[in-house]
**Student:** 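Pasting a structure below so you can have a look.
Atoms within a ligand are numbered from 1 in the order they appear, just like the ligands themselves.
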Amino acid sequence: MSQIFVTRRYRFCAAHRLHTDLLSPEENWAAFGKCNNANGHGHNYVVLVTIRAGTAESSTNLDSLDRLVTDTVIERFDHQDLNSDPAFSALTTTGENLVAVIWDILNPLLPAGRLDKVGVIETRDNYFEYTGAR
Ligand code: NI
């Protein structure tokens, strides 16, 4: 059966530091390099949220998706330090973990099966994509 998907783009700016207390300072530096700098650094994150579109009879309500993503993801992370967010209390703030955290925020709030994919662009050359458990 054919399926149309809709992707919406959102943005937030946040600081982070790649660091884990499970490693020594030297091991952290070896693992994360300059991203382990104690003062952290920032990114202009782009979040791409892909959902299964509605049919011609019931078109996709992008306003409600925008409200949901803005209220639960963008306002939570924008101009914050990701390392201070409870979602990362036991997780390093890598793009891999961030994209999964965003999926885990949104997926329970959408009808079952609606969320298809979450993408996070962290830098010009880094893109992370997560499709959750299927
Ligand atoms: Ni970074």
**Student:** To the nearest 0.5 Å, what is the distance between OH (Tyr45) and CD1 (Ile121)?
**Tutor:**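 That separation rounds to 12.5 Å.
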
**Student:** Among the protein atoms near the Ni ion (ligand 1), how many are N, O or S and lie under 2.8 Å away?
**Tutor:**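 Excluding waters, the total comes to 3.
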
**Student:** Judged by atom type as modelled, is there a donor-acceptor pair below 3.5 Å linking the side chain of Asp116 to the main-chain atoms of Ile51?
**Tutor:**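 Checked: no pair found.
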
**Student:** Determine the interplanar angle of the His16 and His43 rings, folded into 0 to 90°, and report it as parallel if under 30°, tilted if 30 to 60°, perpendicular if over 60°.
**Tutor:** perpendicular

**Student:** Scan Thr94, Leu48, Val47, Val118 and name whichever one has a side chain to side chain contact (heavy atoms under 4.5 Å, CB included) with Val99.
**Tutor:**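 Among Thr94, Leu48, Val47, Val118, the one that satisfies the side chain to side chain contact (heavy atoms under 4.5 Å, CB included) with Val99 is Val118.
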
**Student:** Ignoring hydrogens and geometry, is there a side-chain-to-backbone donor-acceptor pair from Asn37 to Gly40 under 3.5 Å?
**Tutor:** no

**Student:** Say whether, by atom type as modelled, one donor and one acceptor occur between the side chain of Arg52 and the main chain of Gln3 under 3.5 angstrom.
**Tutor:**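 Judged by distance alone, no pair lies under 3.5 Å.
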
